[in-house]
Amino acid sequence: MNVAAKAEKESAKQSLDALRHSCAHVMAQAVQELFPGTKITIGPAIDSGFYYDFESPHRFTEEDFPAIEKRMRQIAEGNHPFIGKEVTPEESRRYWGSRGEPYKIEILDGLKGQTITHYTHGTFTDLCRGGHCENTRAIRHFKLLSVAGAYWRGDEKNPMLQRIYGTAWPTKQELDVYLKMLDEAKARDHRKLGTALDLFSIQELAGPGLIFWHPKGARMRLIMEDWLKAEALRRGYELVSTPHIANVELWNTSGHRSFYKENMFSEIEVEKADYQLKPMNCPFHILIYKNRLRSYRDLPMRLAELGTVYRYERSGVLHGLMRVRGFTQDDAHIFCAPEQIEGEVDGCVDFALEVFKTFGFDKYVMEVSTWDEATPADYSGEAADWQRAQAALESVLSKRGIDYTLIKGEAAFYGPKIDVKLIDAIGRPWQLSTVQFDFNLPQKFGLEYVAADGSRQRPLMVHRALYGSIERFFGILIEHYAGNFPLWLSPVQVKILSLTDAQVPAAQALAGRLARAGLRAALDVRPEKINAKIRDAQLEKIPYMVILGPRDVAANVLSIRLRDGRQFQGVAEESLVNTLAREQDIKQTAPSWEDA
RNA sequence: GCCGGGGUAGCUCAACGGUAGAGCAAUCGCUUCGUAAGCGAUAGGUUGUGGGUUCGAAUCCCAUCCCCGGCUCCA
């Protein structure tokens, strides 16, 4: 993206934020008028709209929205300009004191030495640093969406406030598009589709956050795993396999018992020793590295594993496949010499891009998180290593011409990283792949290799996950494709529907031949009408249907129906098999059949 | 974990102090049909769990588990 385009995008975002922030003020006014005793706190613009947090004796529900929206509309139509005014801290304090707004006074207390401004529209004034549209008149296309609890200043030690979320757009069309996207997202919800398509479940009796993969989901998982393993081997990784629990001494050594304790399951005592379920695979791969003396000739050593980890997540944060307590990471750790890091990072990025392309994602954003020199807090490792690693991360992306955002101070304490967010079919970002340096664990475990000159050196370590977690990636795939998976991932690729009982033997024979050709075929020979069988197959989102009636059998041809409704008659069996085998082989995301 | 909203048949939902119901799915018949639901019958529930109030509880109260929307965190 060039500089001018970036600037234009930035300015468009600013005016959108101004509209939304202004809408939040108007909502706050409406709410205070309609629900006396409500205290205001903060109300910013966010990615897709705005919110305002209130403390109120009234419990807000969605049933209150029509009344609030109606009042908002009246206020907006009142044609009030937003007027900013600089005030002294004393003035401001007096104003908020007189209005009985303790949260505003608390904010004021945090603004020592800064310029204080009040923004007023009509009869409503807010303590606010600004960023408003000119006039309430601009606020026309908005909708309140939900109400939720939120801690004052995001701290769970503070009181719980009530947050009302809304969205606002410059035009009706944009608002409608956004609302439609929300509906679309709801329809694609992987929890809903997971049940409808019988892919997975979460069982109350077994516990929250633990995933049961049903036959169809497990089939897809197998395909994802097989592809990834083959690709890893092709790229010079070694596949390893490690235990699910380990003695607490391992976690003491790695440091996880101190900095990751809240997320680990409790100890399991066995013969007077304590064990813990693994929340991460890193220490295990490190032990494999450390198991014998390594030479510089052994490097880079790339150890990969589909490693299942267990993390204690607080009950309120669990979410379908996206946030669970037991999941499998496609984890790898690369141990290398300093001069190899750029090549290794490039290999990881290349692999990640291959994953996106293969699974049908063409949009993504990358972020490089580095340390912040200004606040050299508790970073682990040598400054020279950090600088070299950060340079490698940026250099790899630049050389590939990949646009990225540099986020200073966002690095973990143990090293800088690249994070990749995928953009799905309806424009939502999902945090996926990550490539992270780790300067902490090699030190904690005293990792070494013998250099060419015979000296002992510390290897550099890179963590890397591409799917992130198989569960989560699966959830993203479900939502990205809305359950309409490409042929190569579809648990059932072809379903053969018999028109009458007379075609059952032919249907069975065809199913056998398709299976032998490496295709996943299913049969529907129930004594149902063809319309009913088609409907069921459509609801199962099966990519190809073969409808077998007396005419087809007589002519020795097939009638094909695609998931998108298109039909092709008189297709030779060989042609179907070859076309599908190829579509599967090259992992095509679109169906092969062209309208004749 | 916290705030709010919910758990009724495999699924989607109704009944909201007075004997628990529908559609789909399932099972059994009949129907043999040409591109999104053929007809009929049967079966299916100590209403998440435990306690309480009441002559009577799916419905009211308490506790607890799970789910949903958020907060916080994150793969």
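Reminder, nothing fancy here: chain letters follow the sequence lines and each chain counts from 1.
- With hydrogens and angles ignored, no donor-acceptor pair under 3.5 angstrom links the side chain of Thr61(A) to the base of rG5(B).
- RNA chain B is contacted by Leu499(A), Thr500(A), Asp501(A) of residues 498-510 of chain A, taking any non-hydrogen atom closer than 4.0 Å.
- When heavy atoms are screened at a 4.0 angstrom cut-off, Ile530(A) is found touching the sugar-phosphate backbone but no base atom.
- Going from atom CG of Asp552(A) over to atom P of rU35(B) covers 12 Å, rounded to whole Å.
- Closest to the side chain of Arg191(A), out of rG1(B), rG69(B), rG34(B), is rG69(B).
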Table of protein N/O atoms under 3.5 Å from nucleotides 58-62 of chain B N/O atoms:
none

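- The shortest side-chain heavy-atom distance between Tyr310(A) and His244(A) falls under the 4.5 Å cut-off.
- If you check every strand for non-hydrogen atoms under 4.0 Å, Arg551(A) touches a base.
- Taking 4.5 Å as the limit, every side-chain heavy atom of Val462(A) sits out of range of all side-chain heavy atoms of Asp438(A).
- Listed by chain and number, the residues in a side chain to side chain donor-acceptor pair (under 3.5 Å) with Trp227(A) amount to none (sequence neighbours excluded).
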Just the table, please: protein N/O against nucleotides 28-31 of chain B N/O, every pair under 3.5 Å.
none

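- Ala465(A) comes within 4.0 angstrom of nothing in the nucleic acid, heavy atoms only.
- No engagement by Glu63(A) is indicated, since no non-hydrogen atom pair under 4.0 Å with the nucleic acid exists.
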Based on Watson-Crick and G-U pairs with both distances under 3.5 Å, what dot-bracket line describes RNA chain B 5' to 3', crossing pairs as [ ] and inter-strand pairs as |? (((((((..((((....[..)))).(((((.......))))).....(((((..]....))))))))))))....
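- Looking at Arg188(A), Arg191(A), Arg472(A), Arg428(A) one by one, the single match for salt bridge (Lys or Arg N to Asp or Glu O under 4.0 Å) with Glu479(A) turns out to be Arg428(A).
- Contact annotation: Asn531(A) side-chain N/O to rA37(B) OP1/OP2 distance is under 4.0 Å.
- In summary, the side chains of His285(A) and Asp331(A) do not present any donor paired with an acceptor at a separation below 3.5 Å, with no hydrogens or angles considered.
- Gln276(A) contributes no side-chain N or O that, together with a main-chain N or O of Ile245(A), makes up a donor-acceptor pair within less than 3.5 Å.
- Rounded to whole Å, the separation between the P atoms of rG48(B) and rC67(B) comes to 16 Å.
- A search for salt bridge (charged side-chain N to carboxylate O under 4.0 Å, His left out) contacts involving Arg311(A) returns nothing, not counting sequence neighbours.
- Here side-chain hydrogen bond (donor to acceptor under 3.5 Å, both in side chains) pairs that include residues 535-544 of chain A, with residues two or more places apart or in two chains, are Lys216(A)-Glu540(A), Lys495(A)-Glu540(A), Arg526(A)-Asp536(A), Gln538(A)-Arg561(A), Tyr544(A)-Glu583(A).
- Residue pairs meeting the salt bridge (Lys or Arg N to Asp or Glu O under 4.0 Å) criterion with at least one member in residues 35-58 of chain A, sequence neighbours excluded, are Asp53(A)-Arg163(A).
- Comparing rG69(B) with rG52(B), their P atoms are spaced 35 Å from each other, to the whole Å.
- A sub-4.0 Å separation between OP1 or OP2 of rG34(B) and a side-chain N or O of Arg561(A) is absent.
- No hydrogens or angles considered: a donor-acceptor pair under 3.5 Å links the side chains of Thr242(A) and Lys278(A).
- Judged by distance alone, the side chains of Glu573(A) and Ser575(A) never bring a donor and an acceptor atom under 3.5 Å apart.
- By the 30° and 60° cut-offs, the orientation of the rings of His21(A) relative to His25(A) is perpendicular.
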For nucleotides 70-75 of chain B, give me one character per nucleotide, 5' to 3': B if any protein heavy atom sits under 4.0 Å from the base, S if the only such contacts are to the sugar-phosphate, - if neither. BBBBBB
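- Judged purely by distance below 3.5 Å, without hydrogens or angles, the side chains of Gln436(A) and Tyr414(A) pair a donor atom with an acceptor atom.
- Within residues 193-218 of chain A, the residues that place at least one heavy atom under 4.0 Å from RNA chain B are, in residue-number order, Glu204(A), Pro208(A).
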Would you list the atom pairs, donor with acceptor, under 3.5 Å between side chains in residues 363-370 of chain A and any protein atom, with sequence neighbours excluded?
from: Glu367(A); atom 1: OE1; to: Lys421(A); atom 2: NZ; distance (Å): 3.3
from: Glu367(A); atom 1: OE2; to: Lys421(A); atom 2: NZ; distance (Å): 3.0

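- Side chain to side chain, Ser254(A) and His256(A) meet the donor-acceptor criterion of an N or O pair below 3.5 Å.
- If you take atom P in rC62(B) and the same atom in rG6(B), they sit 14 Å apart, rounded to whole Å.
- Residues passing the salt bridge (charged side-chain N to carboxylate O under 4.0 Å, His left out) test with Arg520(A), sequence neighbours excluded: none.
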